[in-house]
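Each chain gets a letter, A, B and so on, in the order the sequences are listed, and its residues count up from 1.
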2 protein chains.
Amino acid sequence: MRARDLVADFPTVGLDTPVADAARLLADHDLPGLIVVDEHGLPAGILPGTQVLRLAVPGYCLDDPALARVVDEAHADVFMRSISGRTVREAMPPRPRELPVTDPDATVLELAALMARTHSPLVAVVDAGGLRGAVTLQALVDRLVEQ
Amino acid sequence: MRARDLVADFPTVGLDTPVADAARLLADHDLPGLIVVDEHGLPAGILPGTQVLRLAVPGYCLDDPALARVVDEAHADVFMRSISGRTVREAMPPRPRELPVTDPDATVLELAALMARTHSPLVAVVDAGGLRGAVTLQALVDRLVEQ
């Protein structure tokens, strides 16, 4: 079994996609993260859901738990105001050593090792024709356990 | 809105739970990770799904993508043999600076900041009576976006 047997369509966002749209995509499709594509449609990075949240939290709350506790009322206002006008580009983590991106020939063990090394719950699958989709942690664990 | 309004029951595993059982739990319930509890039922750590995978991959495949590519046939055998007899204790990451654990009074912003800081898609909620459950990234994003 190879990546081509486990890959599924996966929504993508661009670097200029508003963070609000990215958050809505995560919520609507119960995604563990997003594939961020460049202008050629190739993966520029994988954005874990927790890092979308990072951009949605005002800086003073991120660093100071005591302040975050105080801000309760109108939380949705704070959240939406915080992400207003911000794009995915700003939410991208610093370029990591290794991107969770592979090709359709990747074996199950390669996929598992890649997710483990990059701490990513999804791996983008790319071939000569471009982005084919993603293999998710869930799809991989389901397949490994069912055997 | 506070953690108590978002918390839901969440399965737990112990440090001596076999990794095979933990992997099955992840797969069967589509969980982003597991809460590992100590002998008092309190969170000893949060185990992201990607780190369960780490233990399921033979060491030689984890470090060497070329070897992982070669091992294709009988992948399930390799996987199941690899985790046989291993426990969650061995899958636990080194003690992190901060555990994604909070109390029922945590605000939405506190939860979001905690997930962002710890890169954890779930936060365990504990009160004087013990573990109350978890708030997941999905539950939090759903709530933030719907407003």
Side-chain angles (χ1 to χ4, degrees), chain A residues 1-2 20 23-24 26-28 30-33 48-58 61-65 67-73 75-80 82 102 105-121 137-138 140-147, chain B residues 1-2 20 23-24 26-28 30-33 48-58 61-65 67-73 75-80 82 102 105-121 137-138 140-147:
Chain A
M1 188 167 44
R2 302 275 176 156
R24 210 169 295 275
L26 274 183
D28 289 351
D30 273 5
L31 305 176
T50 54
Q51 299 316 292
V52 178
L53 272 188
R54 174 179 284 277
L55 206 63
V57 177
C61 290
L62 203 54
D63 300 327
D64 188 338
L67 265 177
R69 172 135 314 196
V70 172
V71 182
D72 182 30
E73 297 314 311
H75 63 274
D77 282 356
V78 173
F79 175 80
M80 293 313 285
S82 178
T102 191
D105 285 334
T107 63
V108 167
L109 281 174
E110 258 182 296
L111 290 165
L114 189 52
M115 285 184 192
R117 277 200 307 271
T118 60
H119 295 256
S120 173
L137 173 70
Q138 286 306 333
L140 187 60
V141 173
D142 282 353
R143 198 58 77 93
L144 288 171
V145 165
E146 84 185 9
Q147 306 288 329
Chain B
M1 188 167 42
R2 302 275 176 155
R24 210 168 293 277
L26 274 182
D28 289 351
D30 273 3
L31 305 176
T50 54
Q51 298 318 292
V52 177
L53 273 188
R54 173 178 285 276
L55 206 63
V57 178
C61 289
L62 202 55
D63 300 327
D64 188 339
L67 265 177
R69 172 137 311 197
V70 172
V71 183
D72 182 30
E73 298 314 312
H75 63 274
D77 282 356
V78 173
F79 175 80
M80 293 314 283
S82 177
T102 190
D105 285 334
T107 64
V108 166
L109 281 174
E110 257 181 297
L111 290 165
L114 189 52
M115 285 184 192
R117 277 199 308 271
T118 60
H119 296 254
S120 172
L137 174 69
Q138 286 306 334
L140 187 59
V141 172
D142 282 353
R143 199 57 78 93
L144 287 170
V145 165
E146 83 184 8
Q147 306 288 329

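Proximity to chain A (any heavy atom under 4.5 Å) is restricted, for B:Leu140, to the side chain, taken from C-beta onward. When heavy atoms are compared at a cutoff of 4.5 Å, B:Thr118 does not approach chain A at all.
Rounding to the nearest 0.5 Å gives a distance of 12.0 Å between CZ of A:Arg117 and CG of B:Leu53.
Residues A:His119 and B:His119 fail the side-chain proximity criterion, which asks for heavy atoms closer than 4.5 Å.
Taking the side chain to side chain donor-acceptor pair (under 3.5 Å) definition, one finds that B:Asp105 meets it with B:Arg4, sequence neighbours left out. Residues passing the side chain to side chain donor-acceptor pair (under 3.5 Å) test with B:Gln138, sequence neighbours excluded: none.
Per-residue heavy-atom pair counts under 4.5 Å with chain A were compared for B:Asp28, B:Thr102, B:Leu31, and the maximum is reached by B:Leu31.
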